[in-house]
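Below is one structure, written out as structure tokens; the observations come after it.
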Amino acid sequence: QVQLVESGGGLVQAGGSLRLSCVASGSIFRSNVMGWYRQAPGKQRAFVAVIASGGSTNYADSVKGRFTIFRDNAKNTVYLQMNSLKPEDTDVYYCALGSPPYWGQGTQVTVSS
């Protein structure tokens, strides 16, 4: 059974930073792509960033240059460093493992103007 546990969300002022973490249980972490998605109430879940097992990354255009995804395979953890946050980044952020993905429970990020 794969479990993903996110943490690090919260309330921050525009221009501030947050770091999200996602710890995965199970031995499949190292061989799988990890990603972050976000979702606002009433909207579809949207891609934010992804990192392959070898370390290559890809980002949504809206976060390029502001967000960084990285992973620590020894800790079965993927991170999302979010800088220069904007009010439009306010969402619930979800960690995803593999394809089709396992999902975490989500962590709320709120950016005040």
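Just so you know, these numbers use all the heavy atoms, side chains as well, and skip hydrogens, waters and symmetry mates.
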| query | With a 4.5 Å limit on heavy-atom distance, are the side chains of Glu6 and Leu4 in contact? | reply | no
| request: Calculate, to the nearest 0.5 Å, the distance between atoms CE and CG belonging to Met82 and Leu18 respectively. | output: 4.5 Å
| message | Could you check whether any side-chain heavy atom of Phe67 comes within less than 4.5 Å of a side-chain heavy atom of Leu80, counting everything from C-beta outward? | response | yes
| message | I need the Gln81 CD to Phe70 CZ distance, nearest 0.5 Å. | response | 6.0 Å
| said: Just verifying a value: how many Å separate Thr110 OG1 and Leu11 CG, rounded to the nearest 0.5 Å? | reply: 6.0 Å
| request: May I ask you to test the Leu85-Thr90 pair for a side-chain heavy-atom distance under 4.5 Å? | output: no
| query | Which residues, ordered by chain and number, are linked to Val5 in its hydrophobic cluster, where ILVMFWY side chains connect at heavy-atom gaps below 4.5 Å, directly or through other members? | reply | none
| What do the steps show when you test Ile69 against Trp36 for side-chain contact (heavy atoms from CB on, under 4.5 Å), and what is the final call? | CA-CA 8 Å; Ile69 187 171; Trp36 289 96; 3.6 Å; yes
| query | Met34 versus Cys95: any side-chain heavy-atom pair under 4.5 Å? | reply | yes
| request: Give, for atom CG of Asn32 and atom OG of Ser99, the distance between the pair rounded to the nearest 0.5 Å. | output: 8.5 Å
| request: Return the minimal non-hydrogen interatomic distance between Ala24 and Leu97, and the atom names on each side. | output: CB-CD2, 4.5 Å
| said: Filter on side chain to side chain donor-acceptor pair (under 3.5 Å), then keep only pairs touching residues 41-50, sequence neighbours left out; what's left? | reply: Gln39-Arg45
| Between Asp89 and Lys86, is the closest basic N to carboxylate O distance under 4.0 Å? | no
| query | Quick one: OG1 on Thr57 to NZ on Lys64, what's the gap to the nearest 0.5 Å? | reply | 9.5 Å
| request: Please name all residues satisfying ring pair (Phe, Tyr, Trp, His ring centres under 6.0 Å) with Tyr37, sequence neighbours left out, ordered by chain then number. | output: Phe47, Trp103
| message | Any donor-acceptor pair under 3.5 Å linking the side-chain atoms of Asp72 with those of Thr77? | response | no
| said: Can you tell me how far apart SG (Cys22) and OH (Tyr93) are? Round to the nearest 0.5 Å. | reply: 15.0 Å
